Amino acid sequence: MLGKLTIDALPFYSWVAMGGAVVTVLGGLAVAATIMRLGVRYTWSEWLTTVDHKRIGIMYIMLALVMLLRGFADAIMMRAQQAVAFNSDGYLPPDHFDQIFSSHGTIMIFFMAMPFLSGLMNLVVPQQIGARDVAFPFMNSVSLWLSAAGAGLVLISLVIGTFSTAGWTGYPPYSGLEYSPDVGVDYWIWAVLIAGVGSTLTGINFIVTILKRRAPGMTLMRMPLFTWTAFCTSVLMTFAFPALTVACALLALDRTFGMHFFTNTGGGNPMNYINLFWMWGHPEVYILILPAFGIFSEVVATFSRKRLFGYASLVLATASIAILSFTVWLHHFFTMGAGANVNAVFGIATMVIAVPTGVKVFDWLFTMFRGRIEFHPSMLWTLGFIVSFVIGGMTGVLLALPPADYLMHNSVFLVAHFHNMIIPGVLFGYFAGYMYWFPKAFGFKLNEQWGKRSFWCWVIGFYLAFMPLYVLGFMGMPRRMEHYNAPEWQPYLIVAMLGVCIILLGIVCMIVQIMVSIRQRNKALDLTGDPWNGRTLEWLTSSPAAPYNFAVLPEVCDRDAFHDMKVHGIAYRRPARYEDIEMPKSTAAGVLLGAFAFLLGFAMIWHIWWLAIASALAAAATLIARGCNDDTEYVLPASEVQRIEDGRYEVMASIVRAGATEGEPVAARKPSLERAT
């Protein structure tokens, strides 16, 4: 009846695992309590079943922040273990340590970074291109809930069963039944498989949205840089994620049905898996980092009060990185015998891809040159990125040399390099975007002082946590070690632990920032929709934007469309009349498909065949029912649109009447506001 699921699946094997399970259960209860407090009907109708891209974006980001806490808990446990494990076993059993480093990488890449970038794209891109919604609102909802289903499988592995010990890459033969007979690898496979399908759908959705939904006059070379990076990222997601899906599906067939795609003894080849994985894996690095590059471009231009320097070169560099990212995957296994000529080709390609990234850095620096820089937290995250990322890039060029990679590929030097790229290059970018666009999502600004404190804790903690690992790599310390007997390593590992603790303070500061900002939100309201004197179209909408984003689609005449409108005094010009707007209806099909995908994954993990069949049939029935439903849209009448817009313009008129000239953003907009009112 329950397949392999027994009472032994509960985490009684370790007090640490039991503690993690208790925290996970309490977290789930806290979410349930929050839903009860908000109201089940309200949460269901306004959030869980919504197809509004803005609310979907917010839920993506909430998922990412929750998983950031979960993944960081793994990081601090690993560093604590290594700091105390000199000539001792430390406090983590080896098997549990292996689970932790596997779940840390899996969570941070698949269930923190990917939802974060999808959330920012959902929140911003349709507004930046002057669209009312994404091309496929229902598909957008399905993407969100498939990602949430994958994250749910990772979280439940803390409570029922164990997680993979084969690393976040799941290499055979470690991930085969011979070396991993428990369900940990199955949790990894199905979580990644389900979330990967959601990411592929997101890529398709945003390619179509950006190509077909742009406002009149917005040519490709007038698109904001964040939209360009989102477009290139979507292309990469669409073409790269199927490779991961195939690799995971074949590995699942090996484990579940005794096939031999990746088992040497049965005629398979583990190298096929590794090639498929990294054909996704290296484009994935740029899937994560390109949207951050777009955020830095928007932030630098806005807070330098200047037009972005070298727009065309930035677009070309972005496209070049997207193309070249498919030509470098083999540098992840230089040591696996591909041959000197093949290694040389991929080593050269790896060095070449650094060139367009360098172009971007110089363009950002020239944008700041002689600008009137405002050190908003988003700008601080950008400056911290530039300095730190250049260091990581130089170590990457070093590892692009096959002889050097032979020496350091399995050392903590590689761990330091990877984190040196991902934390400043990805996470700092997403934090910059989170603080930059927060008013657009919620209608009030985040507290800047706590944002700056968080930034400094993250930067200082990052250098303390990862610079010692470069030294340890040169000293020969392998990665993934849970104990060691080299006394010269321990001081560096203690410093690294101290760095992780300072990063923890940075996370605490971000939590405090949210709490303080909510409590003081009435003092930090964004009444005009443009708190930073922005340059792109998302700042033309109200904060938060109306369900339809734009009552009348804007006419774009310049690369910095909103800035151009403000200069010519037409930013807030009201139309002669409003028209009815067709909007997509909310639907429960997305969240139901996510729930059925979760049940299907859980059933396949534990070999509960009746549940797997029932879940698959229920998912198919839900899709068929949705496909047969023609009543998927409603009409928002012009009178309702006018009522919403009248309320917004009345607020802006009150700003003008009050003579609000506090701060540059309002002062810069005042002529346009006066014309509008």
Side-chain angles (χ1 to χ4, degrees), residues 43 45-64 114-148 198-215 218 223-224 226-227 229-231 233-234 237-238 291 294-295 298 430 433-434 436-443 529 536-551 553-554 581-591 593-594 626 632-634 636 641 644:
T43 306
S45 61
E46 297 295 325
W47 288 93
L48 301 184
T49 61
T50 187
V51 293
D52 184 339
H53 69 92
K54 300 177 289 296
R55 292 197 169 186
I56 286 175
I58 291 169
M59 287 190 286
Y60 262 124
I61 294 171
M62 291 171 64
L63 173 63
M114 286 302 300
F116 216 146
L117 80 86
S118 297
L120 291 171
M121 285 166 55
N122 265 285
L123 181 65
V124 177
V125 168
Q127 296 183 74
Q128 276 201 338
I129 63 175
R132 289 198 171 117
D133 210 329
V134 295
F136 307 113
F138 169 63
M139 182 188 289
N140 206 21
S141 172
V142 173
S143 300
L144 165 67
W145 292 111
L146 290 180
S147 297
S199 296
T200 305
L201 296 178
T202 296
I204 295 169
N205 203 349
F206 276 90
I207 289 174
V208 179
T209 299
I210 293 169
L211 290 180
K212 305 298 289 185
R213 291 292 183 100
R214 299 192 307 277
M218 181 170 281
M223 293 196 311
F226 181 70
T227 298
T229 57
F231 175 71
T233 293
S234 299
M237 290 165 71
T238 303
I295 293 167
E298 304 294 342
Y430 295 172
Y434 158 75
Y436 181 58
W437 284 306
F438 187 92
K440 183 55 55 181
F442 294 102
T536 46
L537 284 179
E538 74 269 27
W539 305 112
L540 176 58
T541 63
S542 59
S543 294
Y548 48 77
N549 291 345
F550 300 91
L553 296 182
I581 298 176
E582 200 171 67
M583 300 291 297
K585 286 184 177 180
S586 297
T587 174
V591 67
L593 284 171
R626 170 68 186 184
T632 59
E633 295 176 332
Y634 70 97
L636 192 67
V641 175
I644 295 172

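Not measured: the values here are computed from a predicted model. Just so you know, residue 1 is the first one in the sequence shown, and it goes up from there.
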Heavy-atom side-chain proximity of [X] to [Y] below 4.5 angstrom:
X      : Y      : answer
Ile204 : Ile207 : no
Trp539 : Lys440 : yes
Leu120 : Phe226 : yes
Ile295 : Thr229 : no
Leu211 : Phe231 : yes
Thr632 : Lys585 : no
Trp145 : Leu593 : no
Glu298 : Thr536 : yes

I'd like a table of donor-acceptor pairs (distance under 3.5 Å, sequence neighbours excluded) in which one partner is a side-chain atom from residues 133-141, with atom names and distances.
unit_1, atom_1, unit_2, atom_2, d
Asn140, ND2, Asn122, OD1, 2.5

Which heavy atom of [X] sits nearest a heavy atom of [Y], and at what distance?
X      : Y      : value
Val142 : Gly590 : CG2-CA, 4.2 Å
Gln127 : Lys54  : NE2-CD, 3.9 Å
Met237 : Ser199 : CE-O, 3.1 Å
Ser234 : Phe206 : OG-CB, 3.2 Å
Pro584 : Tyr634 : O-CE2, 3.5 Å
Met59  : Trp47  : CE-O, 3.1 Å

Would Tyr60 and Leu117 satisfy side-chain contact (heavy atoms from CB on, under 4.5 Å), going step by step from the backbone distance to the final call? CA-CA 8 Å; Tyr60 262 124; Leu117 80 86; over 6 Å; no
For Ala588, does its backbone N or O pair with a side-chain atom of Thr49 as donor and acceptor, under 3.5 Å?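 Pair absent, no side-chain N/O of Thr49 close to backbone of Ala588.
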Has Arg213 got a side-chain atom pairing as donor or acceptor with Pro126's backbone, closer than 3.5 angstrom?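 Judged by distance alone, no pair lies under 3.5 Å.
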Could you walk me through whether Leu537 and Met218 pass side-chain contact (heavy atoms from CB on, under 4.5 Å), step by step? CA-CA 11 Å; Leu537 284 179; Met218 181 170 281; 3.8 Å; yes
How many angstroms lie between atom [atom1] of [X] and atom [atom2] of [Y], to the nearest 0.5 angstrom?
X      : Y      : atom1 : atom2 : result
Tyr548 : Asp52  : OH    : CG    : 12.0 Å
Gln128 : Leu123 : CD    : CG    : 10.0 Å
Glu633 : Met583 : CD    : CE    : 9.5 Å
Met121 : Asn205 : CE    : CG    : 9.0 Å
Thr209 : Ile129 : OG1   : CD1   : 6.5 Å

Mind checking whether Phe438 and Phe442 have ring centres under 6.0 Å apart?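 Yes: the rings meet the under 6.0 Å criterion.
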Hey, what's the ring geometry for Phe116 with Tyr434, parallel, tilted or perpendicular (30° and 60° as the breaks)?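 Correct class here is perpendicular.
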Does the pair Thr587 and Thr50 meet the rule for a side-chain contact (heavy atoms from CB on, under 4.5 Å), with working shown? CA-CA 7 Å; Thr587 174; Thr50 187; over 6 Å; no
Residues Glu582, Arg132: salt bridge by 4.0 Å N-O rule: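 Answer for the salt bridge query: no.
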